[in-house]
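Here is the structure we will look at, set down as structure tokens.
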Amino acid sequence: MACIPVYKGKRFPSTEKLIQYLSTEEGMMAHLADGKDTEFIKAIEGVVGAAGKTEPTAAPAQQAAPAPASLADQIATLRAKEQAELDRKIKNADNYRGADGRVDRKKLNNNADRAAYDEVSGRYDKPISDLLAQQKKEEAATQPTPEVAQYVPLTVKNIEIGKFSKDEALDYETDERELDSGRMSEYISSMTVDVMNEDGESVGNLIKLKDEEGETSWQATDVDGNELDVDGFITKQEAVQAILDAHNKQQAKEFAKEQKRLAKEAEKKAAKAAKTEQVQTASKAESPFTAFDLPSESMSKEQGRKARAALKEEVGPEEFKRMENIHRNGEKMLKEMESKGLIKIDCP
């Protein structure tokens, strides 16, 4: 079981959480209220030196104006500032964090904390919402218009019709007719061949009919054997076109059904990806101290730089320097404080 740091009777889930607490205004004030400011400052200065004291430096060379921050960076910066305020104004904020690492209002158990939460969030909700809406609008504008899949109908050029011969026909029927001599003669009255697409799949049957007088007509059936016209067709072209029309009608219906299914599936994936992105964006703003712990999984180097700049602007350069020194030297500071009896580490 992991060791638990204990400070002033309060147990922290990790040394990192204790470091974050000590780096806040609340943590510092806890020492001052106890009259232990001397020991605390000595503990810090013994490790990191006089926090906030820096040597004057030459004026930096004039640089070109930085490129404007992207909408994503602006959103991350605002979320970081919002979370920093919540961490300072809500006592024991770590006890009320949700799965995304941010303070969860539903977990707050007193009106003062809820009021503080509402006051801070109320100031950030609109600017963040406006940026999110603008981001969504820009993303939609830059997204290439998706090509809508269209069913390509089968045409005469893309089919193959079987040969009308006894050896290659699917089926044939014979009948008899009386010749002028009075003698009976057998003839082929019906012959059925397959009509196939480019993949060799049947799309229907073409039937050649011949009567006793030798007159030819045509019939056509779909792949299920249903006649496409009870009266038949006068020409072969009409019969073939009827087969194509029946096939294309059915295939277009099935194609549209499949496209609808794929669209719903894509929509679900997009919604899931958007939700994941929201969680990731929120996690990047879980604490201003994340900016001091780069490289990290939750914040890129550029986002960390912007978060640090936002925090420095909010708390001021001296306070920022103090917080930065404490964070960077947190482990050493804790050991120093433990040796002075200011904290203890419980290892069950």
Side-chain angles (χ1 to χ4, degrees), residues 13-14 16-17 19-21 23-27 66-108 112-140 142 270-317 319-320 323-324 326-328:
S14 65
E16 176 65 17
K17 292 297 183 183
I19 293 169
Q20 290 184 8
Y21 172 75
S23 301
T24 63
E25 180 181 354
E26 179 189 353
S70 67
L71 291 175
D73 288 336
Q74 292 180 53
I75 292 168
T77 298
L78 283 177
R79 290 197 186 281
K81 293 175 70 174
E82 177 188 30
Q83 195 60 41
E85 284 197 44
L86 290 173
D87 287 347
R88 288 200 309 274
K89 294 187 176 183
I90 296 177
K91 188 175 181 180
N92 300 323
D94 286 338
N95 296 336
Y96 309 117
R97 298 195 190 282
D100 59 1
R102 304 175 65 195
V103 174
D104 186 348
R105 191 184 189 284
K106 294 179 181 178
K107 295 185 178 183
L108 299 176
D113 285 343
R114 293 191 192 99
Y117 182 96
D118 293 341
E119 188 275 325
V120 173
S121 295
R123 286 187 283 105
Y124 285 94
D125 280 347
K126 188 178 187 308
I128 291 177
S129 296
D130 290 346
L131 287 172
L132 287 172
Q134 186 179 348
Q135 184 183 49
K136 186 175 181 180
K137 185 177 180 180
E138 288 189 4
E139 287 175 354
T142 56
K272 185 177 181 181
K275 187 174 181 181
T276 301
E277 178 65 21
Q278 268 189 335
V279 172
Q280 290 176 343
T281 301
S283 69
K284 290 173 184 177
E286 66 179 70
S287 169
F289 300 103
T290 308
F292 297 138
D293 196 22
L294 300 176
S296 70
E297 295 179 359
S298 62
M299 186 177 287
S300 70
K301 181 178 290 186
E302 178 65 14
Q303 288 167 334
R305 184 186 67 77
K306 292 180 183 297
R308 284 196 295 271
L311 183 61
K312 185 174 183 180
E313 179 182 353
E314 183 175 353
V315 302
E319 174 67 5
F320 177 82
M323 294 169 69
E324 185 176 41
I326 292 174
H327 185 83
R328 287 178 173 170

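Atom set for the values below is all heavy atoms of this structure, side chains included, hydrogens, waters and symmetry mates excluded. All values derive from a computational prediction rather than experimental measurement.
- Partners of D118 by side chain to side chain donor-acceptor pair (under 3.5 Å), not counting sequence neighbours, listed by chain and number: R105.
- Remark: Q135 pairs with L71, A72, I75, L132, E139 by the side-chain contact (heavy atoms from CB on, under 4.5 Å) rule, at least two apart or across chains.
- By the salt bridge (charged side-chain N to carboxylate O under 4.0 Å, His left out) test, R123 is found to be paired with E85, E119, residues two or more places apart in sequence or in another chain being considered.
- Residues forming a side-chain contact (heavy atoms from CB on, under 4.5 Å) with K137 (at least two apart in sequence, or on another chain): none.
- Contacts of S70 classified as side chain to side chain donor-acceptor pair (under 3.5 Å), with partners at least two apart in sequence or in another chain: D73.
- Rounding to the nearest 0.5 Å gives a distance of 6.0 Å between CG of L78 and CG of L131.
- Put simply, CG on D113 and CG on L86 are 10.0 Å apart, with the number rounded to the nearest 0.5 Å.
- Atom CD1 of I90 sits about 8.0 Å away from atom CD of Q83, to the nearest 0.5 Å.
- With sequence neighbours excluded, no residue forms a salt bridge (charged side-chain N to carboxylate O under 4.0 Å, His left out) with K106.
- Using a 4.5 Å heavy-atom threshold, the side chains of D104 and R97 count as separate.
- In terms of the salt bridge (charged side-chain N to carboxylate O under 4.0 Å, His left out) criterion, residue partners of E82 (sequence neighbours excluded) are, by chain and number, R102.
- The salt bridge (charged side-chain N to carboxylate O under 4.0 Å, His left out) search around D130 returns K126, not counting sequence neighbours.
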